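First up is the structure itself, then whatever we jot down about it.
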Amino acid sequence: MPAHKGAWLRHSLRGKITLGYYAVAVAILVASVFFVGELRTLEARVVLGQRATDLFNTVLEIRRFERNYFLHHEAVDLEENARYIKLAQEMLTANRAGFSAIATQARLAQLRALLDDYQRRMSAFAAGGQQPVESFEPGVRSLGKEVVTIAEDMAALERRQIQTTLASFSTLLLGVIVCMALLIVLIGRALSLRVVGPLQEMEASVVAISTHRRESLSAPSNDREIISIIEAFNRMLKELDVRQKSLMRSERLASLGTMLSGVAHELNNPLSNISTSCQILQEEVGESDPATQRVYLAQIDQQTERARNIVRALLDFSREQAFRKESVLLKPLVTQTVGFVRGEVSAKSVVQLFIPEDLTVPADPQRLQQVFVNLIRNALEGLGPGGQIRISAQLKHVSGPPEGTALGSGCDGEGEVVEISVIDDGPGIAREILPRIFDPFFTTKEVGHGMGLGLFVVYEIVDEHDGCISVESTPGQGATFRIRLPSGKSRPRLSVGGKGES
Ligand code: ADP
């Protein structure tokens, strides 16, 4: 077998399975050849047994006609007797080799000698010998008896031998069947270890990927099929990653649109403050004292810095950045985000914050802002006049998943988390769609009003932070979204499953 063919057999699942089948086929072939040989031997034994029986029957015929002759003295019986003696002699000659297996040479020679003697005496008597029947008959009878005894012994021995051969044949058959079954079980086990083993390793790796503990699959064996599945899977992961980034980008762009009027409003304040300060300075040129002028100039500087911060925050939000955690002061981030989505706030809606001033969370600020933009925008969209949104946050020790429908790798964790709640008193979410709202492209809004990516992106970001997001809602009474992010002080234990409902 050429070297590459051997490698193909060793390094491919198909090759290993084929090898297994070949091994079983060869074993079956060897067993079949062996049994055909054994059957031939058995067949020869049966034929020999038949011949030994024929000889015995012929000898009985000899004796039958001998007895008839001595009873009725009819010449025809004597003739038949002679014919059967000849037949028996021919049988002995023709089967000399075969009969040597059921009688010793000496015994065969004795049988032949007895037959010859018997024939001689009978033919002498038939030729009209002088001997009277009374003195001739006992000798012939005892000769005949001896012949019958030897022929009977031979036939009986052959029958016993056939029985022994049959018994050992069936034992052998049973043994071979058991061995074949064992061989098939062993080959099956070896195959399943080599095929199922790598598949189980792959399953564990896929679970690890889904819980962000791994980024790609590594080959658990060097079988061609496994390697090509791993390559295809890793290609698919890369492709998914690219597509997810592009989804995130489109969602971010959509959010930017939402934020535009809020940002314009936010910028308007410092700009009008700068403008007012400039006007006052212009009017008072040469009149006011330098100390007052410095106050106005400091205000202009302060407001310019404020405007610059707003523009920088917007730029940071719009720019695509690699995931990077830092300690984020929560309250200013949420306040700024509320300001950015202000354009969406109906004049009579109220957004209330209950966030400790010094509460920080280890997170990517840009992504966290995206989470707040999406949640606040969703809450605002359903609110009527007088509607309220309460955003609160607190450090909390948790054990076990939160109430409601919960998703994310940190849902089953135990430890200290920062829990952020966004509660609105809007229309709420119907029970039947609750489990689907985090699915990509799920929306209940009219075409052109929602892409259905907002909550999907929120889930992705929370999951990226090893956190957990849950939702509870009673239709007509609003909705509560709760986010748990590891506080970084004691890390929650991660659950194995990514998505769960409680
Ligand atoms: P979109 O806002 O583009 O529809 P989302 O993924 O943000 O996509 O939201 C999916 C769906 O979840 C919404 O269409 C809406 O039906 C429901 N939803 C989300 N947040 C709220 C909320 N605060 N109140 C009521 N329904 C909500």
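This one's a predicted model, so the numbers in the text were calculated from it and none came from an experiment. Counting starts at 1 for both ligands and their atoms, following the listed order. Computation of the quantities below employed the complete heavy-atom set of this structure, encompassing side-chain atoms and omitting hydrogens, waters and symmetry-equivalent molecules. Residue numbers run from 1 in the order of the sequence given.
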Name the residue from Lys245, Gln244, Lys238, Arg243 that meets the side-chain hydrogen bond (donor to acceptor under 3.5 Å, both in side chains) definition with Asp241.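 Single side-chain hydrogen bond (donor to acceptor under 3.5 Å, both in side chains) partner of Asp241 among Lys245, Gln244, Lys238, Arg243: Lys245.
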N/O to N/O under 3.5 Å, ligand 1 against protein:
residue: ligand 1; atom: 2 (O); partner: Asn378; partner atom: OD1; Å: 3.1
residue: ligand 1; atom: 2 (O); partner: Lys445; partner atom: NZ; Å: 2.4
residue: ligand 1; atom: 3 (O); partner: Met451; partner atom: N; Å: 3.1
residue: ligand 1; atom: 3 (O); partner: Gly452; partner atom: N; Å: 2.8
residue: ligand 1; atom: 4 (O); partner: Thr443; partner atom: OG1; Å: 2.5
residue: ligand 1; atom: 6 (O); partner: Gly454; partner atom: N; Å: 3.4
residue: ligand 1; atom: 6 (O); partner: Leu455; partner atom: N; Å: 2.9
residue: ligand 1; atom: 7 (O); partner: Asn378; partner atom: OD1; Å: 3.2
residue: ligand 1; atom: 7 (O); partner: Asn378; partner atom: ND2; Å: 2.8
residue: ligand 1; atom: 7 (O); partner: Leu455; partner atom: N; Å: 3.4
residue: ligand 1; atom: 14 (O); partner: Thr443; partner atom: OG1; Å: 3.3
residue: ligand 1; atom: 14 (O); partner: Thr444; partner atom: N; Å: 2.9
residue: ligand 1; atom: 14 (O); partner: Thr444; partner atom: OG1; Å: 3.1
residue: ligand 1; atom: 16 (O); partner: Thr444; partner atom: OG1; Å: 2.4
residue: ligand 1; atom: 23 (N); partner: Asp424; partner atom: OD2; Å: 3.0

List the steps and the verdict of salt bridge (charged side-chain N to carboxylate O under 4.0 Å, His left out) for Arg482 and Glu403. CA-CA 9 Å; Arg482 266 192 206 95; Glu403 296 286 302; over 6 Å; no
Inspect the surroundings of CZ in Phe169 and state if more than 12 heavy atoms from other residues, nucleotides or ligands are less than 6.0 Å away.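 Count over threshold, so yes.
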Looking just at side-chain N and O atoms, do Asn309 and Arg312 make a donor-acceptor pair shorter than 3.5 Å?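 Side-chain D/A pair, Asn309 to Arg312: present.
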Is it the case that Gln336 and Gln369 place a side-chain donor and acceptor less than 3.5 Å from each other?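 Yes, because at least one side-chain N or O of Gln336 sits under 3.5 Å from a partner of the opposite role on Gln369.
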Sequence neighbours excluded, which residues qualify as ring pair (Phe, Tyr, Trp, His ring centres under 6.0 Å) partners of Phe233?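 Listed in chain order: nothing, the list is empty.
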